[in-house]
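The structure appears right after this line, and notes come after that.
In what follows, chains are A, B, ... by sequence order, proteins preceding strands, each numbered from 1.
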2 protein chains.
Amino acid sequence: MRKLSFAVVGAGHGGKAMAAHLALKGFPVKLYNRTLSKIDPIIKMKGIEIEGEINGFGKLDLASDKIGDVVKDADIIMVVVPAFAHASIAERCAPYLKDGQIILLNPGRTCGALEFLNILRERGNTSDVIVSEAQTFIYASRGMGPASVKIFRIKQAIPVAAIPAVRTEAALDKINQAYPEFISATSVIETSFNNIGAVFHPAITILNASRIESTLGNFQFYVEGVTQAVSRVLEEVDRERVEVAHTLRCKNVLSAMDWLIMAYNVVEDNLFDAIHSNPGYVGIMAPRTSNVRYITEDVPMSLVPIAEFGRVFGVKTPTTDSLIKLANVIFKTDFIKTGRNLTRLRLDNLNLDEIRNVFIEGAPKRLF
Amino acid sequence: MRKLSFAVVGAGHGGKAMAAHLALKGFPVKLYNRTLSKIDPIIKMKGIEIEGEINGFGKLDLASDKIGDVVKDADIIMVVVPAFAHASIAERCAPYLKDGQIILLNPGRTCGALEFLNILRERGNTSDVIVSEAQTFIYASRGMGPASVKIFRIKQAIPVAAIPAVRTEAALDKINQAYPEFISATSVIETSFNNIGAVFHPAITILNASRIESTLGNFQFYVEGVTQAVSRVLEEVDRERVEVAHTLRCKNVLSAMDWLIMAYNVVEDNLFDAIHSNPGYVGIMAPRTSNVRYITEDVPMSLVPIAEFGRVFGVKTPTTDSLIKLANVIFKTDFIKTGRNLTRLRLDNLNLDEIRNVFIEGAPKRLF
C-alpha cells in the first residue's frame with residue numbers, strides 16, 4: 001500500500017509536533033506556515049527535532065509559505081491553527097483542493113468543519129473532499145525552539161466527525177493509518193459541543209481578568225483561578241451548553257463533570273472538587289495577558305455558536321451571553337459578529353431537522 | 001429654638017459615628033440596632049467614644065433594640081443601614097412614625113426613599129412624614145471597638161432629595177441645623193443615579209472574584225483590581241447608567257470620570273488613569289470574601305433598578321445585565337427578583353411622565 005502523504009497547515013508547537021511525529025512514523029510530510037520567518041530554521045534544518053514521549057528528528061519533504069505547494073498533492077491535510085484562522089486557511093486552500101483529499105481540523109472547536117466546507121464551496125471548489133474535525137488536539141506539546149518541540153502526552157480515543165457524518169468512516173479509514181488514536185463520533189454536533197475548553201477557558205479568564213493583567217498571569221490557572229464563585233459560573237455555562245446540545249438531539253454530549261471523570265478518572269460530586277482533585281491541572285499557569293486564545297478563540301468560535309443555536313431553538317443561555325458581552329467590552333469588539341454566528345455558518349433560516357441534515361446526511365439542496 | 005432630637009437607626013460603624021457626632025454637637029440622640037448584643041457595650045457606657053476628625057464621648061439618651069422607643073419622638077430619623085435593609089426598617093418603623101417627622105436614608109442607593117415611603121403607605125401609615133435620601137454617606141469612618149469609632153473624613157456638599165422633590169427644602173431646613181454639609185438635589189433621580197459605587201463595586205468585585213476568594217482579598221481593590229480590562233467594563237456600566245438617567249431627563253448625572261474630577265480633583269482623560277491617579281484609592285484593600293455588600297447591596301439595590309428603568313424606556317444595558325447575571329450565578333440567587341425592580345418600586349405600568357411625577361411632584365392618585 002502506498003504511504004499516505006500529509007500536509008500540516010500551521011507551524012505552531014502543535015503543528016510542529018504533528019509534522020515531526022508523522023515524519024518519524026514514516027509518512028511524507030509537507031509543512032505550511034503563513035509567516036516564512038517562523039519556519040526558516042525548519043527549512044534550514046529540513047525538519048524538526050522532537051523530544052518527550054517521542055524522540056528523534058522528523059525530516060520534512062517541504063516547509064513553505066506557499067500553501068498550494070504544501071496541500072495540493074497531500075492525501076490528508078492536517079489543519080493545526082487557532083479556530084479563528086480556519087476561514088482564511090479554507091480560502092487559501094480552495095484553489096488547490098481536489099477529489100479524494102481529506103481535511104482534518106485539529107481541533108474544530110465548534111462547527112469548524114462546517115465553516116471550512118462552506119468556504120470551499122463558496123470559493124467555487126466543488127471537488128469531492130472530506131472535511132472533518134477532531135474534538136480536541138491529540139498532543140499535549142510545547143515548543144522548545146524554532147525547530148524543536150516536546151510532546152508531553154499523546155491523547156487516546158479522540159472523537160472525529162466529517163461533515164456530513166456519512167463521510168466520517170471514509171475519512172477515518174485513511175486517517176487511522178497514521179493515527180489509530182482517532183475514533184468515530186456520531187457527527188460534528190458531538191465534536192462541536194463536547195468542547196470543554198469553551199466552558200473553562202473564557203469564564204476562568206474573564207473572572208480572573210484583573211489578576212491576569214496585574215500579575216502577568218503569575219498564578220495557577222485552574223488551581224488558584226477556579227474558586228467557588230468561578231466554579232458556579234462554570235457549572236451554569238456548562239449546563240447551558242449541554243442543554244443546547246440536547247436540543248440539537250445530540251445524545252453523546254458530556255457534562256464538564258463527566259468529562260473530568262472520563263478524561264482524568266476524577267471522582268467527585270461537584271465541579272469545584274473535580275477540578276481541584278485533577279492532578280493534570282497542577283502547575284498550569286494563567287496566560288500572561290488577557291488577550292489570549294482563551295478569549296479570542298473560544299468566545300467567537302465556541303461560545304458564540306452555542307449561544308446562537310440556543311437563541312434559535314429557544315434555549316436560554318444567559319450566563320454564556322454574559323461572558324460573551326463582557327468579552328466584547330473588554331476586547332472592544334463584537335465577537336458575535338466576528339464569530340461563528342448562524343449566518344456565517346449558513347444555517348440561518350433552517351429548522352432543526354434541516355440543520356441536523358446538514359450535519360449528518362448532507363443537505364442535497366446545498367452545494368455539498 | 002428647641003434642639004432637634006435624632007434617632008439613628010443602625011449601629012454599624014456608620015451609625016455609631018453619626019450618633020456620637022450628633023451627641024457631641026449637642027443634639028439628643030437615640031440609637032437603634034436590631035441585634036441587642038451588638039450595642040450592649042454602648043448601653044453599658046451610655047454612649048460612644050469617637051476619635052479622628054472629631055474627638056470625645058457622645059452621650060446617648062437611649063440605645064435599644066426596640067425601634068418604636070427610638071424613633072417615635074425623634075424629629076429626624078437617620079437610617080444608616082445597608083440598602084437591602086431599608087424595606088425591613090420601613091416595615092418596623094411604620095407603626096410609630098407620625099406627622100412632621102423626617103427620615104433620611106444615609107445613603108439611599110438607588111430609589112431607597114421611594115421604596116421606604118411605599119412601604120410606610122402600604123403598612124397603613126398615612127402620616128405627613130418626609131422621606132429623603134442622601135447621595136452618599138457623610139462620613140469615612142471605621143469601627144474601632146464595640147463602643148468606639150474613628151472618623152477619617154467628613155464629606156462636604158452631599159446632595160439630598162426628598163420624595164417627592166417638592167418636600168426637599170422642608171427636610172433640609174431641619175437637617176441642616178445639624179448638618180450644613182447636606183445640600184439640595186433636584187430630585188431623588190439625581191441622588192439615585194449619581195451612585196458611583198454601583199458602577200465601581202460590582203464590576204471590580206466580579207472581575208476579581210477568584211482573586212478575592214483565593215487571596216482572601218489580599219490586594220488593593222482599586223490600585224491592583226482595576227486593570228485596563230476592568231476599566232473598560234467600568235466605562236460601559238457607567239455609560240449605561242448615565243444614558244438611563246438622561247432618559248429619565250436627569251440633567252445632573254455625573255459620569256464616573258467627572259465624579260472623580262469633582263470629588264478628588266483628578267485630571268485625566270480616561271477612567272483607568274483617573275482611578276490610578278486618585279490618591280484616595282491607595283491602600284483600600286479588597287474585601288476578604290466575594291460575599292460582600294459590594295455585590296449584595298449594590299447589585300439588587302442599584303444595578304437592578306438602573307437596568308429596570310433602561311428596559312422600560314428602551315435603553316440597552318447589556319453590560320449591567322451581564323454583571324447582574326454573573327452575580328446571580330455566583331450567589332445562586334435572583335437579584336432582579338429580590339432587588340428594586342419596578343414592581344417592587346410600584347412603578348410598573350407607569351409612563352415616563354408619571355414616573356417623573358412620583359419623583360418630583362408626588363403622584364396625587366397614589367397614597368402619597
Side-chain angles (χ1 to χ4, degrees), chain A residues 202-240 272 275-276 286-287 289-292 295 307 316-334 336, chain B residues 202-240 272 275-276 286-287 289-292 295 307 316-334 336:
Chain A
I204 300 175
T205 302
I206 288 169
L207 293 169
N208 284 280
S210 90
R211 191 182 201 179
I212 289 170
E213 285 189 329
S214 81
T215 70
L216 300 178
N218 187 24
F219 65 96
Q220 293 192 56
F221 189 67
Y222 293 96
V223 173
E224 296 176 273
V226 178
T227 59
Q228 292 285 0
V230 175
S231 73
R232 286 193 279 277
V233 175
L234 297 180
E235 279 170 351
E236 278 303 293
V237 175
D238 193 49
R239 198 187 52 67
E240 292 173 2
F272 178 86
I275 288 170
H276 285 271
T289 75
S290 60
N291 181 18
V292 287
I295 300 291
K316 287 207 166 67
T317 59
T319 309
T320 306
D321 297 343
S322 297
L323 292 172
I324 294 169
K325 177 62 195 172
L326 289 177
N328 285 344
V329 171
I330 290 172
F331 285 82
K332 291 188 183 255
T333 186
D334 183 347
I336 298 175
Chain B
I204 300 175
T205 303
I206 288 170
L207 293 169
N208 283 281
S210 89
R211 191 182 201 180
I212 289 170
E213 286 189 328
S214 81
T215 70
L216 301 178
N218 188 25
F219 65 96
Q220 293 192 57
F221 189 67
Y222 293 95
V223 173
E224 296 176 272
V226 178
T227 59
Q228 292 285 0
V230 175
S231 73
R232 286 193 280 276
V233 175
L234 296 179
E235 279 170 351
E236 278 303 293
V237 175
D238 193 50
R239 198 187 52 67
E240 292 173 2
F272 178 86
I275 288 170
H276 284 271
T289 74
S290 61
N291 181 18
V292 288
I295 301 291
K316 288 206 165 68
T317 59
T319 309
T320 305
D321 296 344
S322 297
L323 292 172
I324 294 169
K325 177 62 195 171
L326 289 177
N328 285 344
V329 170
I330 289 172
F331 285 82
K332 291 189 183 253
T333 187
D334 183 347
I336 298 174

Please identify, among A:Leu326, A:Val226, A:Val230, the residue contributing the most non-hydrogen atom pairs under 4.5 Å to chain B.
A:Leu326
Say whether, by atom type as modelled, one donor and one acceptor occur between the side chain of A:Glu240 and the main chain of A:Thr320 under 3.5 angstrom.
yes
Using the test ring pair (Phe, Tyr, Trp, His ring centres under 6.0 Å), find all partners of A:Phe272 that sit at least two apart in sequence or belong to another chain.
A:His276
What part of B:Glu235 is in contact with chain A, defined as an atom under 4.5 angstrom from a non-hydrogen atom: side chain, backbone, both or neither?
side chain
A:Leu323 versus chain B, heavy atoms under 4.5 Å apart: side chain, backbone, both or neither?
side chain
Check the side chains of B:Arg211 and A:Ser214 for a donor-acceptor pair under 3.5 angstrom, ignoring hydrogens and angles.
yes
If you apply the rule side-chain contact (heavy atoms from CB on, under 4.5 Å), what do you find for B:Thr289 with B:Leu216, and how did you get there?
CA-CA 6 Å; B:Thr289 74; B:Leu216 301 178; 5.6 Å; no
